[in-house]
Amino acid sequence: MRPITLALTLLVLTSACENTNDPFLFGQGGGGGAITQAQATGNWSFTVTKTIGTTCSVGALIDGSVLTAHLDVGADGTVNSSTSTWRSPSGLVFPLSGSVTLGDGHTDLHLSGGSQIGVELIGTSFAGGTFTGTLSDPDPGSFPMFGTGACQYTTTGAKG
């Protein structure tokens with residue numbers, strides 16, 4: 001019993017000191033981590049897949065659709081809405097706003113599609129240039145961008 005207790009104590013103490021973003025070390029990390037302004041700024045591609053159980057209307061994005069974005073992120077994590085844009089699958093370019101919490105990578109972007117039309121992208125941006133999260137159409141308080149009803153998508157992203 002004593003060796004097991006000692007081993008468990010060492011594991012708990014070691015994992016409590018763990019602060020890397022490596023998701024494979026003691027199962028820690030993976031939930032985000034610090035991301036710098038430079039790592040968050042740049043060109044991103046987001047691939048969407050309809051969430052299981054979501055009833056999307058006609059006109060919703062098809063699985064595998066890619067939304068591209070250029071993010072200009074300030075030192076405080078705020079996205080500069082005058083220089084940040086996103087491109088719809090049809091090729092139209094629109095503004096976006098939001099923030100990236102530099103301390104943990106939490107990302108909340110509002111992709112406008114015109115007057116009172118838009119979608120919201122929420123998730124985690126990682127220092128290694130990846131993203132995982134959810135795209136909601138419509139953005140709360142807006143009208144749907146794709147289709148006529150509400151739809152949610154799991155979303156992965158990559159910087160590059």
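Just the heavy atoms: all of them, side chains too, but no hydrogens, waters or symmetry mates, feed the values below.
- Between Val48 and Asp63 there is no side-chain heavy-atom pair separated by less than 4.5 Å.
- Put simply, the side chain of Thr85 never gets that close to the backbone of Val93: no donor and acceptor are under 3.5 Å apart.
- In this structure, Phe46 and Ala69 approach most closely via the heavy-atom pair CE1-CB, 3.9 Å.
- One hydrophobic cluster, built from ILVMFWY side chains closer than 4.5 Å, holds both Leu109 and Ile117.
- Using modelled atom types and a 3.5 Å distance limit, the side chains of Asp72 and His70 yield a donor-acceptor pair.
- The shortest distance between side-chain heavy atoms of Thr49 and Tyr153 does not fall below 4.5 Å.
- In this model, no donor atom of one side chain and acceptor atom of the other lie less than 3.5 Å apart for Thr132 and Thr124.
- When atom types are taken as modelled, the side chain of Ser81 and the backbone of Ser97 share no donor-acceptor pair closer than 3.5 angstrom.
- Lys159 has its side chain out of reach of Leu71: every pair of non-hydrogen atoms, C-beta onward, lies at least 4.5 Å apart.
- Side-chain atoms of Asp108 do not come within 3.5 Å of backbone N or O of Gly98 as any donor-acceptor pair.
- Aromatic pair Phe131/Phe126: ring centres not closer than 6.0 Å.
- Considering only heavy atoms from C-beta on, Ser45 comes within 4.5 Å of Thr68 through its side chain.
- Although no hydrogens or angles enter the test, the distance criterion places a donor-acceptor pair under 3.5 Å between the side chain of Trp86 and the main chain of Ser112.
- Side-chain N or O atoms of Ser99 include none that pairs as donor or acceptor with a backbone N or O of Thr78 at under 3.5 Å.
- Taking the side chain as every heavy atom from C-beta outward, Leu121 and Thr155 approach each other to under 4.5 Å.
- Residue Pro89 comes nearest to Ser65 through the heavy atom pair CG-CB, 4.4 Å, listed as atom of the first residue, atom of the second, then distance.
- Judged by distance alone, the side chain of Thr41 and the main-chain N or O of Gln37 form a donor-acceptor pair under 3.5 Å.
- Under a hydrophobic clustering in which Ile, Leu, Val, Met, Phe, Trp and Tyr are joined whenever their side-chain heavy atoms come within less than 4.5 Å, directly or via other members, Phe94 and Phe146 fall into the same cluster.
- Across Lys50 and Cys56, no two heavy atoms sit closer than the pair CD-SG, 3.7 Å.
- Rounding to the nearest 0.5 Å gives a distance of 7.0 Å between CG of Leu135 and CG of Leu111.
- The hydrophobic clustering, which links ILVMFWY residues whose side-chain heavy atoms are closer than 4.5 Å, places Val119 and Leu92 together.
- When all heavy atoms of Ala34 and Gln39 are compared, the pair lying nearest together is O-OE1, 4.5 Å.
- Side chain of Thr107 to backbone of Gly105: a donor-acceptor contact under 3.5 angstrom is found.
- Judged as a side-chain contact (heavy atoms from CB on, under 4.5 Å), and not counting sequence neighbours, the contacts of Thr134 are Ser136, Gln152.
- Across Ser57 and Gly149, no two heavy atoms sit closer than the pair OG-N, 3.0 Å.
- Side-chain atoms of Pro140 and Glu120, non-hydrogen and from C-beta on, do get closer than 4.5 Å to each other.
- Rounding to the nearest 0.5 Å places OG1 of Thr148 at 10.0 Å from CG of Asp137.
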